[in-house]
Each structure stands twice: as structure tokens, then as C-alpha cells.
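Read the structure below first, then the notes.
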Amino acid sequence: MLDATTRSGGTATAAPPAAATELGSAEFAAPALAATPTGLAARYTRALLSPWSRLSLLVTLLMAAAATVLLFQPQRLLADGWPPQLNGAAAAVVFAVAYGLCTVAFVPRPLLNLAAGALFGSQLGLGAALSGTVLGAGIAFGLGRILGQDALRPLLRGRWLTLADGQLSRHGFRSMMVARLFPGVPFWAANYCASFSRMGYFPFLLATGLGSIPNTAAYVVAGARASTPTSPAFLIAMACIALPALIGATIAWRKRHHFNSKRS
């Protein structure tokens, strides 16, 4: 009887640990099941924020901007005249913002500079055009740095790309000043090349603002004096447009031997 009671008691006392084990395994299983969606969400988040996903977003944004320009043709607004509701400094501010957005969408800056001179005259037009230039360059640089740099830097293996990246990374301010002073490199191309390099944001904007003054001023004055093409101001402006282009072509012709020697 004692043996039976002992066996019975032993059986009775052994049951709770088994139940506790089952409860413990259930408690551990519940967080594991709950962690599964979190793991999937983390993987999806990493995929969406990966360098190639961000680069795809940058390409999509630029294609959409270019398509918008082709469809809506903002130059019609310039041809028909600035909206009459705006005038003076307010109109110049709105024009500067539109200028910056248009440069991101690949609208040629010479056209915008001529329009600034025709709409606002030499002084106010120059201020609006330079403000729009720095704004557009800053937007393009930020987009390229945030969305494209991580994906494209590992691809800089060609000699020309490596040389350009090294030049912009080590001598960013000087290189960007030369690119802005002497035409030849498209405005948008210089913006994105600088953003993919290690060049700093402030030197890029400062070099863009200072280096763009001569060329921008020449186009703005030409636009302001377009109604009198034989005036000295218009002729000087056209000479200031042609001279940097000639100097830039000469420098590029002489530098090509230097780059060819580095390639070999």
C-alpha cells in the first residue's frame, strides 16, 4: 500500500514538471513565431534601402524629370512672358526656384540664362540665374550622393573614371572651378560626377557659385541686350561666351596627352 501510494505520489508529483516543460516550450515558441514577420520586414527594408534600389530610384526620378520637360515644354512660359501676377523681387525668386528645378531636369542653362536677362535685366537677372544655378547644383549633388554614390563607387575601375574620381576627391574645389569657368562638361554631368566622388558639399557649392559667375553674366547680359545686337554690351557678352569655350578647348587638347600618358 505504501509502495502504491509512493508510486502514485511519485506519478502525481512528476506530472507538474512535464506540464511546466510544455508550457516553457510554448512560451519559447511564441516569440519565435512573432519574430518571423519582423525578420521579413527587416529583409524587405534592407532590399528597399540597398544601393542598387536607391540608384534605380535616382534613374527613375531623372527620367521622369526629363519626360516632364519634354511633355510640358517650360520654355513656352518663357516665350509667352512671365506670369503678370508676379513682378520684381518676388518674380525673380520664383524664377530662381524654377531655374534650379529645370537644371535638374536637364534643361540647358544657356537658355535659362538668356531668359533671366530678357525677363529681369542684367543685375536682377544675374542674381536670379546664379541663385538658380547653385540651387539646381545642390539638389543634383544631394540626389547623387544619397541615391547613387554607394552603388556606383565600386564600379569606378576604368582608368578614365579612376582619374576623374581621384581629381575630384583630392582637388575638388579647383577641379569644379575649372569645370564651371570653361564650358565643355555639361552642367548636370559635373554635378553627378562630383556627387559620386568624395568631394565635400560646401566646396562643391562654393566652386559652383564662383565659377559660374563669368559665363552666367555673359549670357544674362546677352539676353538683356538681345533687342540691340549691335550694342557694345551685347558684342562684349558674346565675346565673353566664345572666349572661355576657345580656352577650354585648347586646355582639353593639351591635357589629352597628359591623360594618355597616365593611361599607358
Membership question, hydrophobic clusters at under 4.5 Å side-chain separation (ILVMFWY): are L114 and V107 in the same one? no
Decide whether V97 and V104 are clustered together by the hydrophobic rule: side chain heavy atoms of Ile, Leu, Val, Met, Phe, Trp, Tyr closer than 4.5 Å, transitively. yes
Could you give the distance from CZ (F95) to CG (L124), rounded to the nearest 0.5 Å? 10.0 Å
Parallel, tilted or perpendicular: which fits the ring planes of F204 and F141, with parallel below 30° and perpendicular above 60°? parallel
Minimal non-hydrogen separation, G211 against M177, with atom names: N-SD, 3.6 Å
Residue pairs meeting side-chain hydrogen bond (donor to acceptor under 3.5 Å, both in side chains), one or both in residues 102-114, sequence neighbours left out, come to Y99-R109, Y99-N113, R109-T133, R109-T216
Interatomic distance, CG@L235 vs SG@C240, rounded to 0.5 Å, equals 11.0 Å
Any donor-acceptor pair under 3.5 Å from R145 side chain to S197 backbone: yes
L181 side chain reached by P244 side chain, heavy atoms, under 4.5 Å: no
Let me check something: do M238 and L112 share a hydrophobic cluster, defined by ILVMFWY side-chain heavy atoms less than 4.5 Å apart, either directly or through other members? no
Nearest atoms (heavy-atom pairs only) where S122 meets V220: O-CG1, 3.6 Å
Any donor-acceptor pair under 3.5 Å linking the side chain of Y201 with the backbone of G142? no
If hydrophobic clusters are built by linking Ile, Leu, Val, Met, Phe, Trp and Tyr wherever their side-chain heavy atoms come under 4.5 Å apart, do L61 and F196 end up in the same one? yes
Apply the test side chain to side chain contact (heavy atoms under 4.5 Å, CB included) to residues R180 and N215: give CA-CA distance (whole Å), side-chain angles for both, the deciding distance (0.1 Å), then the verdict. CA-CA 8 Å; R180 301 307 191 193; N215 185 262; over 6 Å; no
Heavy-atom closest pair (I213 atom, G209 atom, distance to 0.1 Å) is CG1-O, 3.2 Å
Write down the atom of L205, the atom of V134, and the distance for their closest heavy-atom approach. CD2-O, 3.9 Å
Any donor-acceptor pair under 3.5 Å from S175 side chain to G172 backbone: no
Give a yes or no on whether F187 and Y219 share a hydrophobic cluster (residues Ile, Leu, Val, Met, Phe, Trp, Tyr; joining criterion: side-chain heavy atoms under 4.5 Å apart). no
Kindly give the heavy-atom pair with the smallest separation between A237 and A218, and that separation in Å. CB-O, 3.4 Å
In this structure, CG of L135 is separated from CG of L130 (nearest 0.5 Å) by 12.5 Å
Considering all heavy atoms, the nearest A129-A116 contact: CB-CB, 4.1 Å
Can you check side chain to side chain contact (heavy atoms under 4.5 Å, CB included) on L101 and I139, steps first, answer last? CA-CA 8 Å; L101 296 176; I139 293 174; 4.1 Å; yes
How long is the gap from CG on L210 to OG1 on T208, to the nearest 0.5 Å? 9.0 Å
